[in-house]
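Notes follow once the structure below has been shown.
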2 protein chains.
Amino acid sequence: MKPPSDKSAGRRKSRPSFEPLQPHEIELADFFVRMAGILGVPRSVAEIYALLYISPNPLDFDHIQGRLGMSKGSVSQGLKFLRGHEMILSVKEQGSRRERWQPTPSLAASLVALLRSQFLPALEQAQPSLQRVLADAQQRGTQPEVIERLSRLNRWNSRALELAPLLLPPPGA
Amino acid sequence: MKPPSDKSAGRRKSRPSFEPLQPHEIELADFFVRMAGILGVPRSVAEIYALLYISPNPLDFDHIQGRLGMSKGSVSQGLKFLRGHEMILSVKEQGSRRERWQPTPSLAASLVALLRSQFLPALEQAQPSLQRVLADAQQRGTQPEVIERLSRLNRWNSRALELAPLLLPPPGA
DNA sequence: GCCTAGGTTCAAAAATTATTGAAACATCAG
DNA sequence: CTGATGTTTCAATAATTTTTGAACCTAGGC
């Protein structure tokens with residue numbers, strides 16, 4: 001498309017050249033990556049979050065990609081994930097269509113939102129199933145031990161569902 | 001992998017022939033599998049647990065393998081995992097070296113133990129790292145915003161570590 | 001002791017998940 | 001409107017995780 005026609009004079013953008021992560025940044029990223037791993041959140045997502053978390057000011061797409069040495073696709077998907085879980089927010093400066101990202105004020109709230117989004121659907125979907133399983137067991141005169149277990153599971157599930165709305169992202173935002 | 005040619009009726013234990021899971025059992029298994037998935041616990045492990053959970057009496061190795069149609073290796077590893085996290089316990093009947101498995105009385109306790117075993121090591125290992133990262137940031141005169149974030153992270157980590165011992169598996173066991 | 005039921009290990013295969021990058025898309029400054 | 005910039009999509013690939021199965025242990029009955 002664009003052969004190196006000599007456009008270089010005025011534009012400093014010729015070589016993005018971002019510096020790789022510093023040791024202290026890597027250390028923090030490792031922490032986030034590890035914690036994220038437990039919840040099944042991919043490495044790339046955790047790295048993006050860590051970078052934003054330790055950066056003094058919001059970063060744009062290219063900086064994230066450049067400093068983490070990661071593909072456009074991964075950055076895009078990572079931001080999508082973080083956005084979707086309200087873990088980051090963008091500061092779009094006017095005069096530019098570029099978005100700059102920073103972590104949401106409360107990591108705690110972010111985590112709650114993330115957990116909710118993972119468990120809630122499972123709990124909701126499970127409700128009827130569990131009731132069916134229990135009814136089934138009762139009907140066929142299963143041993144009381146098992147009935148008891150299944151009842152407890154049902155109660156748990158119900159309680160979790162009731163409690164869930166209380167865990168709405170706190171108002172302060 | 002072809003099945004061994006049938007040696008007619010020669011074998012005493014010729015056909016273990018376990019019946020596959022019933023619909024209600026499958027439904028429960030699906031529930032456990034889904035929940036386990038969120039915590040990164042493999043399907044096979046969740047299936048084993050579900051089967052034991054819904055079974056009126058303890059099951060031995062061969063029953064588990066047979067009913068779930070799963071390899072020896074998986075059953076062995078699955079039981080190892082569940083045992084390791086104290087989610088099941090065995091009733092060895094005398095006169096036989098065979099172990100029979102059943103779920104631990106409290107699923108709640110099991111889950112707590114599981115979570116602890118995942119997060120605790122990460123938290124412990126992170127402690128010095130996080131402190132280093134914070135010190136580093138302070139030293140280089142990073143923006144207060146970031147210092148604040150990192151401090152909070154440190155506090156969290158410390159608190160989590162302090163709280164962890166309180167979550168010891170309850171005495172009743 | 002020996003033999004074998006009962007189980008474990010672990011390298012290889014299969015299944016699943018994450019990442020890449022090029023093409024498509026969208027938006028806004030001009 | 002147009003074109004460059006900024007971003008998303010998604011099929012292909014790479015990386016990781018799970019499962020398998022056959023070889024290998026091991027305890028206990030004989």
Side-chain angles (χ1 to χ4, degrees), chain A residues 1-3 5 7 10-14 16 18 29 32-34 36-49 58-84 88 90-101 118, chain B residues 1-4 11-14 16 18 29 32-34 36-49 58-84 88 90-101 118:
Chain A
M1 313 281 142
K2 202 196 302 182
S5 52
K7 213 174 171 180
R11 303 274 262 138
R12 219 38 358 177
K13 212 153 139 214
S14 57
F18 296 99
F32 278 112
V33 166
R34 191 153 180 205
I38 296 174
L39 297 173
V41 173
R43 153 175 293 268
S44 64
V45 172
E47 284 180 348
I48 293 173
Y49 188 86
L59 298 184
D60 66 30
F61 198 105
D62 290 349
H63 274 77
I64 297 170
Q65 184 186 357
R67 295 215 60 207
L68 294 175
M70 164 183 297
S71 73
K72 262 167 174 267
S74 286
V75 174
S76 177
Q77 295 201 160
L79 290 176
K80 183 180 185 178
F81 179 97
L82 292 169
R83 230 185 292 136
I88 59 175
S90 82
V91 188
K92 205 186 300 186
E93 57 188 329
Q94 31 123 265
S96 165
R97 149 155 83 97
R98 191 157 230 160
E99 309 218 58
R100 304 175 71 225
W101 301 96
Q118 306 230 78
Chain B
M1 267 160 295
K2 60 153 107 167
R11 305 252 280 137
R12 49 211 125 238
K13 244 194 221 159
S14 62
F18 296 100
F32 279 113
V33 166
R34 191 155 180 203
I38 297 175
L39 297 174
V41 173
R43 155 174 292 267
S44 63
V45 173
E47 284 181 347
I48 293 173
Y49 188 86
L59 299 184
D60 66 31
F61 197 106
D62 290 348
H63 274 76
I64 297 170
Q65 185 186 354
R67 296 216 59 206
L68 294 174
M70 155 185 305
S71 72
K72 257 169 173 257
S74 286
V75 174
S76 177
Q77 294 201 160
L79 289 176
K80 182 181 184 177
F81 178 98
L82 292 169
R83 229 185 293 136
I88 59 175
S90 82
V91 188
K92 207 186 298 185
E93 56 188 328
Q94 30 122 268
S96 164
R97 137 160 91 100
R98 188 157 230 154
E99 308 218 58
R100 303 175 72 223
W101 300 96
Q118 305 229 78

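Just so we're on the same page: letters track the sequence lines, and every chain starts at 1.
Between B:Phe81 and B:Val45, the closest side-chain pair of non-hydrogen atoms falls below 4.5 Å. Taking 4.5 Å as the limit, every side-chain heavy atom of B:Val75 sits out of range of all side-chain heavy atoms of B:Asp62. Looking at B:Met70 and B:Ile48, their side chains come closer than 4.5 Å, going by heavy atoms from C-beta outward.
Regarding B:Glu99, its CD atom lies at a distance of 10 Å from the P atom of D:dG28, rounded to whole Å. Atom-to-atom, CZ of B:Arg100 to C1' of C:dG6 comes out at 15 Å; the value is rounded to the nearest Å. Put simply, CZ on A:Phe61 is 12 Å from C1' on D:dT5, counting in whole angstrom units. B:Asp62 places its CG atom 12 Å from the P atom of C:dT8, with the value rounded to the nearest Å. Atom CD1 in B:Ile88 sits roughly 13 Å away from atom C1' in C:dG7 (whole-Å rounding). One interatomic measurement links the two molecules: CD of A:Glu47 to C1' of D:dA15, which rounds to 14 Å at whole-angstrom precision. Atoms CH2 (B:Trp101) and C1' (C:dG7) sit 11 Å apart, rounded to a whole Å. Residue B:Leu79 contributes atom CG, which lies 12 Å from atom P of C:dT9 at whole-angstrom precision.
Formation of a donor-acceptor pair under 3.5 Å by the A:Gln118 side chain with backbone atoms of A:Leu39 is found in this model.
Within a 6.0 Å radius of CZ in A:Arg83, other residues, nucleotides and ligands contribute more than 12 heavy atoms.
Side-chain nitrogen and oxygen atoms of B:Lys92 include none within less than 4.0 Å of the OP1 or OP2 phosphate oxygen of C:dG6.
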For a quick check, with a 4.0 angstrom heavy-atom cut-off, what is the B/S/- contact string for nucleotides 18-27 of chain C, read 5' to 3'? SBBB----BB
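Between B:Asp60 and B:Arg98 a salt bridge is recorded (basic side-chain N to carboxylate O distance below 4.0 Å).
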